[in-house]
Amino acid sequence: MNLLLTASGLRNETLRDALRDMLGKPFGSAKVVFVPTASVAEPGDHGWVVADMNRLHGLGWREFDVLELNGLPRQMVIDRLLHADVVYVEGGNHYHLARSITGNGLADGFLEALRDRVYVGVSAGSMIFSRHLTGHSADVIGDAKDLHVLGATSVEPPFGLFDWYLKPHLYSPDFPERDDAWADRVTARADFPIYFIDDETAVRVRDGKVDVVTEGRWRFHP
């Protein structure tokens, strides 16, 4: 399983090189499927989604598919994932994304697709693999409002692959509260390991091995 878990997509050449290496062939020979599901639960201007989609599209793929996880037959969704070489899952509300996967019975199909494909997560798309994606972690991290806005108080981790949790956008100007003092407060409350990554960083999982790819800054608290 090959996962490149970013905060803000393929923002720099180091991250793009990491994807090329994991993919093992040029982007122009590969098919990508872009999943915007998490973004639709976010209110307000969605220019950030368009910008990220354009950046991804500009890499010159052989085929660029866009796939919404809700409202389509389950097998159609799975077939579209299996058709791609890269599954790229956009940011937004990670609880909506997790609930869309579990609610539509897609978890097993996703994992099947990811056995032989590269997964790129952006923010919410990077956060859904932890077994600690729960109502408890929402309280610890301080984003329970993103769960409550969905009319929910609990969430089931769709995959539960990792013991660690990933929190993106450290030091980001779009999230000015996410500084070292904020990370220290979260860490003091947390009873699970956390990666904090900035917008130029990714946690890479390749064949069970975890490392960090970055042109920026990050923190890990075991």
Tell me whether His46 at atom NE2 has more than 12 heavy atoms from other residues, nucleotides or ligands lying less than 6.0 Å away.
yes

For Ala98 and Leu133, the nearest pair of non-hydrogen atoms, with its separation, is CB-CD2, 3.7 Å

Rest of the hydrophobic cluster containing Val50 (Ile/Leu/Val/Met/Phe/Trp/Tyr, side-chain heavy atoms under 4.5 Å)?
none

Are any side-chain N or O atoms of Ser130 and backbone N or O atoms of Trp164, one a donor and one an acceptor, separated by less than 3.5 Å?
yes

Tell me if a side-chain donor or acceptor on Asp143 pairs with a main-chain N or O of Asp146 at a distance below 3.5 Å.
no

May I ask you to check whether Glu90 and Ser39 show a side-chain donor-acceptor distance below 3.5 Å?
no

Ignoring hydrogens and angles, tell me if any N or O in the side chain of Arg204 forms a donor-acceptor pair with the backbone of Leu3 under 3.5 Å.
no

Side-chain heavy atoms of Leu111 within contact of Phe159, under 4.5 Å:
yes

Test your reading of the model: is there a side-chain donor-acceptor pair from Thr6 to the backbone of Gly121, 3.5 Å cut-off?
yes

Between Asn93 (side chain only) and Glu42 (backbone N and O only), is there a donor and an acceptor less than 3.5 Å apart?
no

Apart from Trp48 itself, what residues make up its hydrophobic cluster, given side-chain heavy atom links below 4.5 Å?
Leu4, Leu10, Leu15, Leu19, Met22, Leu23, Phe27, Val32, Phe34, Val49, Met53, Leu56, Leu59, Trp61, Phe64, Val66, Val86, Tyr88, Val118, Val120, Val122, Val213

For the backbone of Lys25 and the side chain of Ser29, can you confirm whether one donor and one acceptor N or O come within less than 3.5 Å of each other?
no

Step by step, would you call Thr14 with Glu215 a side-chain hydrogen bond (donor to acceptor under 3.5 Å, both in side chains)?
CA-CA 7 Å; Thr14 297; Glu215 288 189 11; 2.6 Å; yes

So, Arg178 side chain and Ser172 main chain: donor-acceptor pair closer than 3.5 Å or not?
no

What I want to check is whether the side chains of His83 and Glu63 have a donor and an acceptor closer together than 3.5 Å.
yes

Between Asp174 and His169, does any side-chain donor sit less than 3.5 Å from a side-chain acceptor?
no

Closest heavy-atom pair, Ala124 versus Ala38, reported as atoms and distance to 0.1 Å, is CB-CB, 3.9 Å

Carboxylate-amine/guanidinium proximity below 4.0 Å for Asp21 and Arg206
yes

Does the side chain of Asn12 come under 3.5 Å of the side chain of Glu200 through a donor N or O and an acceptor N or O?
yes

Decide whether His57 and Arg55 meet the rule of one side-chain donor and one side-chain acceptor closer than 3.5 Å.
no

Sub-6.0 Å ring centroid separation between His132 and Tyr165:
no

Under a 3.5 Å distance rule, please check whether Asn104 uses its side chain to pair with a backbone N or O of Leu106 as donor and acceptor.
no

Does Arg117 use its side chain to pair, donor to acceptor, with the backbone of Leu82 at less than 3.5 Å?
yes

Would you say the rings of Phe196 and Trp218 are close, in the sense that their centroids are separated by under 6.0 Å?
no

Using only heavy-atom distances, determine whether the side chains of Asp180 and Tyr171 contain a donor-acceptor pair under 3.5 Å.
yes

Minimum heavy-atom distance His136-Asp191, with the two atoms named:
NE2-OD1, 3.1 Å

Thr201 side chain to Asp198 side chain, donor-acceptor N/O pair below 3.5 angstrom
yes

Would Glu13 and Arg20 pass as an ion pair if we require N to O under 4.0 Å?
yes

Heavy atoms only: give me the nearest Ala84-Val33 pair and the separation to one decimal.
CB-CG1, 3.6 Å

Dump the intermediate steps for salt bridge (Lys or Arg N to Asp or Glu O under 4.0 Å) on Asp65 and Arg80, then the final yes or no.
CA-CA 8 Å; Asp65 188 16; Arg80 299 262 291 276; 2.6 Å; yes

Please check if any side-chain donor atom of Thr37 sits under 3.5 Å from a side-chain acceptor atom of Glu68, or the reverse.
yes

More than 12 heavy atoms of other groups within 6.0 Å of Arg62 CZ
no

All heavy atoms of Leu150 vs all of Ala41, minimum pair found to be CD2-CB, 4.4 Å

Under 3.5 Å, is there a donor-acceptor pair between the side chain of Ser137 and the main chain of Val140?
no

